[in-house]
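Because only heavy atoms are used, hydrogens play no part in the values below, and waters and symmetry mates are left out as well, while side chains stay in.
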Amino acid sequence: MAQTKRKRRTKHRGNAAGTVESRGRTSRPSPNAPARPGAKGAAAKGARAPLKPATLQRAAIKAAGFAVLLFVLTQVGIFGKNQTIGSSVILAVMSFVLYTPLVFATDRWAYTRDQRRRGATAPAGKRR
């Protein structure tokens with residue numbers, strides 16, 4: 001026996017231009033429509049948290065991470081298979097000593113650039 005209760009199938013109907021519109025609301029919400037709860041505004045979407053000022057402690061932590069990564073890579077074999085642990089440690093310590101001021105200078109540059117972009121006054125110290 002044939003099924004009598006068959007689900008209704010929706011048809012795609014095109015408009016005069018020949019394009020098929022999707023079901024439901026196809027336009028933008030009106031500007032005076034109430035905002036949906038939980039929706040973020042356009043200003044909050046692109047906003048970032050302000051950068052923290054550069055400190056030597058934070059620069060030393062980042063440099064230590066880089067030095068540990070360099071130690072691991074030298075032991076894995078980036079410079080060849082016969083790298084001793086002592087030479088890897090010396091290389092890691094030297095890189096830590098060099099990376100710390102470089103990371104501090106980079107962080108300070110990024111912080112002052114961010115402050116200038118936000119329109120805040122330049123931090124105390126060197127002014128250009």
Side-chain angles (χ1 to χ4, degrees):
M1 183 178 229
Q3 185 177 1
T4 57
K5 290 280 189 175
R6 191 168 210 186
K7 270 190 142 181
R8 181 179 292 185
R9 298 177 76 187
T10 60
K11 296 180 181 179
H12 295 286
R13 294 188 173 96
N15 59 15
T19 60
V20 177
E21 293 181 356
S22 61
R23 290 180 291 186
R25 182 177 55 90
T26 58
S27 64
R28 291 183 185 175
S30 63
N32 55 2
R36 294 187 338 242
K40 294 182 179 177
K45 187 182 282 187
R48 291 184 183 169
L51 291 178
K52 297 177 184 175
T55 62
L56 278 175
Q57 181 181 4
R58 194 175 308 128
I61 291 171
K62 290 178 184 179
F66 289 136
V68 167
L69 181 65
L70 183 64
F71 175 78
V72 169
L73 288 176
T74 55
Q75 288 301 300
V76 168
I78 195 170
F79 292 129
K81 292 290 182 185
N82 56 358
Q83 192 77 13
T84 63
I85 292 179
S87 63
S88 295
V89 168
I90 291 172
L91 185 63
V93 168
M94 287 176 51
S95 67
F96 174 76
V97 169
L98 290 175
Y99 286 165
T100 303
L102 287 174
V103 171
F104 178 74
T106 305
D107 285 349
R108 187 178 60 189
W109 172 80
Y111 175 73
T112 55
R113 181 173 164 252
D114 184 58
Q115 291 299 311
R116 259 188 254 124
R117 193 186 80 220
R118 291 180 187 267
T121 60
K126 290 196 297 187
R127 292 183 189 232
R128 292 185 183 179

CG on Leu51 to CZ on Arg113, rounded to 0.5 Å: 9.5 Å
Let me check something: any side-chain donor-acceptor pairs from residues 58-73 under 3.5 Å, sequence neighbours excluded? List them with distances.
residue	atom	partner	partner atom	Å
Arg58	NH1	Pro53	O	2.9
Lys62	NZ	Asp107	OD1	3.3
Lys62	NZ	Asp107	OD2	3.1

Side-chain cluster (under 4.5 Å, hydrophobic types only) that Phe104 belongs to, other residues: Leu56
Distance-only criterion, 3.5 Å: show the donor-acceptor pairs between side-chain atoms of residues 84-98 and protein atoms not counting sequence neighbours.
residue	atom	partner	partner atom	Å
Thr84	OG1	Ser87	N	3.3
Thr84	OG1	Ser87	OG	3.0
Ser87	OG	Gln83	NE2	3.0
Ser87	OG	Thr84	N	3.4
Ser87	OG	Thr84	O	2.9
Ser88	OG	Thr74	OG1	3.1
Ser88	OG	Gln75	NE2	2.6
Ser88	OG	Thr84	O	3.1
Ser95	OG	Leu91	O	3.3
Ser95	OG	Ala92	O	2.7

